[in-house]
There are 2 protein chains.
Amino acid sequence: MSTAPTVYDVAERSGVSIATVSRVYRNPDSVRAQTRERVLAAARDLGYVPSGNARGLASRSTGVLGLCFPDYADPDTDAEDDDAAMLYSDQIIRGMERAARRHGYALLIAASLKGGPESLVAKVAGRVDGFAVMARTVPTEELEGISRRRPVVMLAGPREEGDHLDHLDHIEVANFDGQRELTRHLIEDHGLRRLAFVGSAEESPDVEARFQGFLAACRAADVDAPEEPAVRAAMMTQAEGARAADALCDRADGPPQALVCANDQMAVGALHALERRGLTVPGDVAVTGFDGIPLGRLVRPTLTTVRQPMLRMGEEAVELLVRRLGGTPGSDPVSLMLPVTVARRASCGCGPEEQSAVAIGA
Amino acid sequence: MSTAPTVYDVAERSGVSIATVSRVYRNPDSVRAQTRERVLAAARDLGYVPSGNARGLASRSTGVLGLCFPDYADPDTDAEDDDAAMLYSDQIIRGMERAARRHGYALLIAASLKGGPESLVAKVAGRVDGFAVMARTVPTEELEGISRRRPVVMLAGPREEGDHLDHLDHIEVANFDGQRELTRHLIEDHGLRRLAFVGSAEESPDVEARFQGFLAACRAADVDAPEEPAVRAAMMTQAEGARAADALCDRADGPPQALVCANDQMAVGALHALERRGLTVPGDVAVTGFDGIPLGRLVRPTLTTVRQPMLRMGEEAVELLVRRLGGTPGSDPVSLMLPVTVARRASCGCGPEEQSAVAIGA
DNA sequence: CTGAAAGCGCTAACAA
DNA sequence: TTGTTAGCGCTTTCAG
């Protein structure tokens, strides 16, 4: 693994200038066929691989798009379920990779390491032409500066109005509308009136929007609606979901009729906790989630939830980035709202078969 | 989005030399705190982002690992199932990303575009310190040259003996042992004796190994074992699996007692085809797959299969690469064989609950 | 169609 | 502790 061969080596070996070697790769037709073959042969012999770095430096572009996502690994998910637990990030990655490929880009992905020392974004930002950031992965201020230099699109988490970040492109899903529709379903179609919302302790615009949707539905139906989530889980994991369910059941007034969880992971945890306590779902308590992770269809009862179009989100992110990179420099920030889908399954009382689901919002 | 600021801009603005600016990022402690703050402040004001390209060029390393994978998208999978269809590549990506993060690397992923013009590997290879390649994603010869210049690890697909590639590190799963054990189970535990293996038309060492495992089990039990797979599907998709099942059922001697499919996707397709024909599984025909994709637990009957540890494969790949990069230059090529797990579920006749599964091979 | 030369932005000795 | 000075390997005018 000595020193890697460079254009100079290839040039020398094939008796041309380095400029010609470069042309062979960047614009083959501008070189006489015979010369080209000679160069290619030399390159092959030498095991020559063009340096992406040098290329990028000289041409000021990398051909790579990036994605920064939070460390979503749920430590409580056991190995078995883990196979099935295709999370947010996985689907966004899939969507972005697909779209990126269509446009000739590769995808660089990096998750925020919890106690990470050096800035994650900086590392990614420095190696890509543009990138997407999942909400709350990166300090706002960091993005502030970076976004002045290259296209950035925020994923999930509503546009922060009047904030420094409002010049970023932005994609979100219909959190409010989705949660409102699901809640309406619980109230009107199943006749439930004592609902508890399980939110999260950390600030999350998505969770907040869901809670507001929940509230809206309650108010519209004249159902008692507390100003605050019944529980704010420390983390949105299965363990915390179970804990929340337990806490709610231990209250003086007994368990609520429905546990409306801010995400699927917590809902699954709640399902387990309820089962352990001998409560049946949806008989004694209905449970709902939000996200639409595959695990939701594996648990029994199957989980009623609001499905997010994560794959599409990834694709749209790339489209946005590509558009920005393609020119139209000063245009206004774009903000997309993607529709969600309410998946009525067993845990709300809709029976084992998944009901046909409807697109909501956007 | 004018011209991005460089070390020179930051240096000037903070009244130091570019070397100091560089130090602030690479080795903060080697700069007086006061100076450091001044530099950082200037950088912040300017929206400075270190160029990964320039860095890589100068330091001869990128801090990025890569993965090339085939375009596995199954066009037959409908959008609904797609959510659940976490494929090979997704899990390997997850595993690699995790491990890479632990070692401070980011991950660059790129799928082979079908009619892709320019060489995929070259693009990836030029931007990373080392990378993994899923079998049959890349022309052998290409890798030949590249692997002389940087660490490459092959995923799946057995080491090609006596081939040019036998100096590459290599990770595979116990295809042979897994398929043999599953087949033994069908024969001995369920008493089936007329088994048909559904393979693939394209050359695949993995599929071949599985078929050999199948044969071995048949012979060991004195079961009639044809030298060739009963069917060789054009692609390993659901549609082709269904077609294979139909073809087999239309034979003069009627359907076999068991359809042993070379992967889960085909097995799921077979399940559908059988159902359409009014045959019950496992009553009339048993069906098995290979891979352990989540979809296998969603279909009814649940799919008996051999589970591959793809996540671990990704992690091991990174470990191997990191080791190579860490020195030990001339050491011999490593070849890992990862154990698989036979998941006995409903489609072989084991009942709805998944039986405890055992690790096989390696 | 091909060559010469000037950088791209940063790191890494080596000095100071 | 900080500055100076070479490149790293490639793209890209501008000539020829």
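Axis orientation changes by 20° from one end of the helix from C:dC1-D:dG16 to C:dA16-D:dT1 to the other, with each end axis drawn from 5 pairs and the value rounded to 10°.
Taking a cutoff of 4.0 Å between a charged side-chain nitrogen and a carboxylate oxygen, B:Asp129 and B:Arg150 do not qualify as a salt bridge.
For the OP1/OP2 pair of C:dG3 and a distance below 4.0 Å, the side-chain nitrogens and oxygens of A:Thr20 include at least one atom meeting the criterion. Put simply, B:Arg32 has a side-chain N or O that comes within less than 4.0 Å of OP1 or OP2 on D:dT2. For B:Ser22, no side-chain nitrogen or oxygen approaches OP1 or OP2 of C:dC10 to under 4.0 Å. Of the side-chain N and O atoms in B:Arg60, none sit less than 4.0 angstrom from OP1 or OP2 of D:dC8.
If you measure from atom CZ of A:Arg26 to atom C1' of D:dC10, you get 10 Å, rounded to the nearest angstrom. At whole-Å resolution of the value, CD in B:Glu37 and P in D:dT2 are 12 Å apart. Regarding A:Asp9, its CG atom lies at a distance of 9 Å from the P atom of D:dG9, rounded to whole Å. When rounded to the nearest whole Å, the span between CG of A:Asn53 and P of C:dC10 equals 13 Å. In this structure, A:Arg36 atom CZ and C:dC1 atom P are separated by 9 Å, rounded to whole Å. For the pair B:Glu12 CD and C:dC10 C1', the interatomic distance rounds to 17 Å; values are reported in whole Å. One atom, CD1 of A:Ile18, and another, P of D:dT12, lie 13 Å apart when rounded to the nearest Å.
Between A:Glu202 and A:Met235, the closest side-chain pair of non-hydrogen atoms is not below 4.5 Å. Using a 4.5 Å heavy-atom threshold, the side chains of B:Glu319 and B:His103 count as touching.
Listed by residue number, B:Tyr48, B:Pro50, B:Ser51 are the residues of residues 40-52 of chain B with a heavy-atom contact under 4.0 Å to DNA chain C.
With hydrogens and angles ignored, a donor-acceptor pair closer than 3.5 Å exists between the side chain of B:Arg23 and the base of D:dG3.
Partners of B:Asn53 according to the side chain to side chain donor-acceptor pair (under 3.5 Å) rule, which considers only residues two or more places apart in sequence or in another chain, are B:Arg127.
Across D:dT11, C:dA12, D:dG9, the shortest atom-to-atom separation from the side chain of A:Leu57 is found for D:dG9.
DNA chain C is contacted by both B:Val21 and A:Ala19; A:Ala19 maps to the nucleotide lying nearer its 5′ end (nearest heavy atom per residue). Comparing A:Thr35 and B:Tyr8 by the nucleotide of DNA chain C that holds the closest heavy atom to each, the one mapping nearer the 5' end is A:Thr35. Two residues, B:Arg38 and B:Ala54, neighbour DNA chain D, and the one matched to the more 5' nucleotide by heavy-atom proximity is B:Arg38.
Listed here is the closest heavy atom pair of B:Arg36 and B:Pro28: NE-O, 3.3 Å. Listed here is the closest heavy atom pair of A:Glu97 and B:Ala111: OE2-N, 3.2 Å.
Residue A:Val16 is classed as a sugar-phosphate contact, given heavy-atom separations below 4.0 Å to backbone atoms only. Nucleic acid contact for B:Ser59: sugar-phosphate only, since backbone atoms but no base atoms lie under 4.0 Å from a heavy atom of the residue.
No more than 12 heavy atoms of other residues, nucleotides or ligands shown are found within 6.0 angstrom of CD on A:Glu12.
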Is there a side chain to side chain contact (heavy atoms under 4.5 Å, CB included) between A:Asp90 and A:Arg94 once you walk through the steps? CA-CA 6 Å; A:Asp90 295 291; A:Arg94 268 256 285 270; over 6 Å; no
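Between B:Tyr8 and B:Tyr48, the ring centre distance reaches or exceeds 6.0 Å.
The one candidate from A:Val64, A:Leu325, A:Leu321 that meets the side-chain contact (heavy atoms from CB on, under 4.5 Å) condition with A:Tyr105 is A:Leu325.
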